[in-house]
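Below you'll find the structure, written out as structure tokens, and then a few comments.
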Amino acid sequence: MSETPSNTLQYRFDGPEDAPVLILGPSLGTTWHMWDRQVPELMKQWRVFRFDLPGHGGAPAHPAGSVTDLTARLLATLDALGVHRFGYAGCALSGAVGAELALRHPERLASLALIAASPRFGTADEFRQRGVIVRTNGLDPIARTSPERWFTGGFAAAQPAITEWAVQMVRTTDPGCYIASCEALAAFDVRAELSRIGVPTLVLVGSDDQVTGPAEARTLVAGIPDARLAVVPGASHLVPVEQPAAVTDLLVRHFSTAWQPAFESTTGQMAIPAASVKPVLAAPTPVAPVAEIAPAAMQPEPAGRPDRYETGLKVRREVLGDAHVDRALASADAFSGDFQEFITRYAWGEIWDRPGLDRRARSCVTLTALVAGGHLDELAFHTRAALRNGLTPLEIKEVLLQAAIYCGVPAANSAFKVAQQVIREETTPQE
């Protein structure tokens with residue numbers, strides 16, 4: 001166990017001190033105990049290092065809002081312990097950390113396993129919507145529905161103790177840290193970079209995973225040059241818990257046979273051993289990519305003042321959501337297209353991206369201005385944006401009450417009706 005500063009993670013070691021280090025990373029909403037059934041076998045060969053995400057499992061609640069931040073905290077923790085090279089297995093959000101390690105810090109990584117992972121986890125809208133629900137209702141609605149996302153129906157019915165453990169694990173997570181983790185997943189997207197992952201990689205997925213299932217796993221395998229696929233039958237998202245023996249066996253086989261040598265310290269080069277015969281972890285049929293993964297196009301540096309359109313499009317999507325922006329852009333034609341480009345570049349790329357106010361403050365100002373102008377259609381989607389930017393329904397109410405004094409009661413009366421409907425839609429948990 002560890003004392004945990006804000007730039008590091010809560011951790012524990014199991015296994016002999018002189019063994020190579022193997023890291024096991026947890027999924028969003030879980031703790032290091034999701035790996036309990038793997039540790040006894042793995043610690044026979046490795047010094048097993050497990051960590052908790054911020055605010056999970058009693059870890060200090062220092063939110064980390066990006067996968068890059070989580071990765072930096074993990075490396076800072078390992079640096080303080082003198083661990084420089086390791087194998088890594090991560091589930092879901094921790095799988096994203098594993099991909100980040102492979103892309104940005106390949107010299108630290110000997111071998112990689114991505115479990116229930118994806119190069120992009122759903123859509124940004126889905127995770128930001130989850131953050132709105134947690135901010136408004138707490139974690140209880142998410143906790144109650146976790147077993148149906150994590151386990152097959154048969155397992156959940158046959159294992160009520162494990163099902164209840166899963167619910168309580170989510171329920172006791174710090175809400176702010178959970179929301180920050182949702183933001184991290186919303187922003188994560190390495191689809192265009194998979195070909196740069198050079199470490200031997202096992203991609204492991206439950207056959208019945210409805211969150212990040214076999215389709216996402218095949219996308220990873222299609223993009224990563226040295227990747228193998230293992231589909232575990234009769235398992236859903238939390239496959240290490242539901243099928244512990246199968247997962248343990250696959251991890252032992254992978255890390256025993258695909259441990260890449262370290263860089264030579266004097267030359268900076270890596271010795272490449274003769275190719276060895278590796279176990280077949282899935283049917284040896286070619287894996288067809290689910291979607292075309294194109295490398296990021298290289299754009300020339302603009303001369304003079306940079307074009308703010310791409311920045312504006314990114315900010316606009318983050319604030320209003322992909323679905324809204326996609327509808328607006330799809331409906332643009334020769335008549336309205338220039339206007340859509342104009343507001344993307346100047347409203348979103350210039351004003352909303354200025355550092356002087358954070359997005360919460362900009363949402364407050366925007367709501368007030370829309371009430372004053374009577375722009376109720378715009379008020380509806382900016383109420384959604386305010387929730388996504390971190391305002392609670394109570395804070396939105398206070399903004400509208402303030403507007404009632406300075407903009408007029410009739411305008412605020414109409415605004416309350418619009419905002420009430422939006423808040424009801426956005427904060428009602430989906431059963």
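Scope of the values below: all heavy atoms of this structure, side chains included, with no hydrogens, waters or symmetry mates.
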State, yes or no, whether a side-chain contact exists between [X] and [Y] at a heavy-atom distance under 4.5 Å.
| X | Y | answer |
| --- | --- | --- |
| Leu24 | Trp32 | no |
| Leu251 | Ile115 | yes |
| His105 | Thr71 | yes |
| Arg37 | Pro240 | no |
| Met169 | Trp150 | yes |
| Trp352 | Thr366 | yes |
| Arg120 | Thr219 | no |
| Glu216 | Val205 | no |

Provide the closest heavy-atom pair for [X] versus [Y] in the form atom of the first, atom of the second, distance.
| X | Y | answer |
| --- | --- | --- |
| Ser207 | Gly234 | OG-N, 3.1 Å |
| His254 | Thr201 | CE1-C, 3.7 Å |
| Val371 | Leu400 | CG2-CD2, 3.8 Å |
| Gln260 | Pro200 | NE2-CD, 3.8 Å |
| Leu103 | Glu193 | CD2-O, 3.4 Å |

- Query: Among Val325, Asp322, Thr311, which residue meets the side chain to side chain contact (heavy atoms under 4.5 Å, CB included) test with Arg316?
  - Reply: Val325

- So how far is it from Ser336 OG to Phe342 CZ, rounded to the nearest 0.5 Å? 14.0 Å

- Message: Donor-acceptor pair, distance only, cut-off 3.5 Å: does the side chain of His56 make one with the backbone of Thr30?
- Response: no

- Task: Ignoring hydrogens and angles, tell me if any N or O in the side chain of Glu148 forms a donor-acceptor pair with the backbone of Gly153 under 3.5 Å.
- Result: no

- Query: Where does the angle between the aromatic ring planes of Phe381 and His324 fall among parallel (under 30°), tilted (30 to 60°) and perpendicular (over 60°)?
  - Reply: tilted

- Angle class for the Phe49/Phe51 ring planes (parallel below 30°, perpendicular above 60°, tilted otherwise)? tilted

- Task: Verify whether one side chain among Glu425 and Gln421 offers a donor that lies under 3.5 Å from an acceptor in the other.
- Result: yes

- Would Ser363 and Arg360 count as having a side-chain donor-acceptor pair, cut-off 3.5 Å? no

- Go through the steps to decide whether Ser236 and Glu242 satisfy the test side-chain hydrogen bond (donor to acceptor under 3.5 Å, both in side chains), and finish with yes or no. CA-CA 7 Å; Ser236 186; Glu242 190 161 4; 5.1 Å; no

- In plain terms, say whether Arg317 and Asp326 are close enough for a salt bridge, that is, a side-chain N and a carboxylate O under 4.0 Å apart. yes

- Under-4.0 Å salt bridge between Glu350 and Arg354: no

Considering only distance and modelled atom types, tabulate donor-acceptor pairs under 3.5 Å from the side chains of residues 133-141, sequence neighbours left out.
unit_1, atom_1, unit_2, atom_2, d
Arg135, NH1, Leu387, O, 2.9
Thr136, OG1, Val132, O, 2.9
Asn137, ND2, Ile133, O, 3.2
Asn137, ND2, Thr427, O, 2.6
Asp140, OD1, Arg171, NE, 2.9
Asp140, OD1, Arg171, NH2, 2.7
Asp140, OD2, Arg144, NE, 2.9

- Around atom CZ of Arg345, are there more than 12 heavy atoms of other residues, nucleotides or ligands at under 6.0 Å? yes

- What do you reckon, is CG of Asp358 surrounded by more than 12 foreign heavy atoms closer than 6.0 Å? yes

- Taking Glu426 as the fixed residue, which of Arg388, Arg130, Arg384, Arg128 is the one that meets the salt bridge (charged side-chain N to carboxylate O under 4.0 Å, His left out) rule? Arg384

Could you go through residues 91-98 and list every donor-acceptor pair under 3.5 Å that involves a side-chain atom there, pairing it with any protein atom two or more places apart or in another chain?
unit_1, atom_1, unit_2, atom_2, d
Ser94, OG, Pro26, O, 2.5

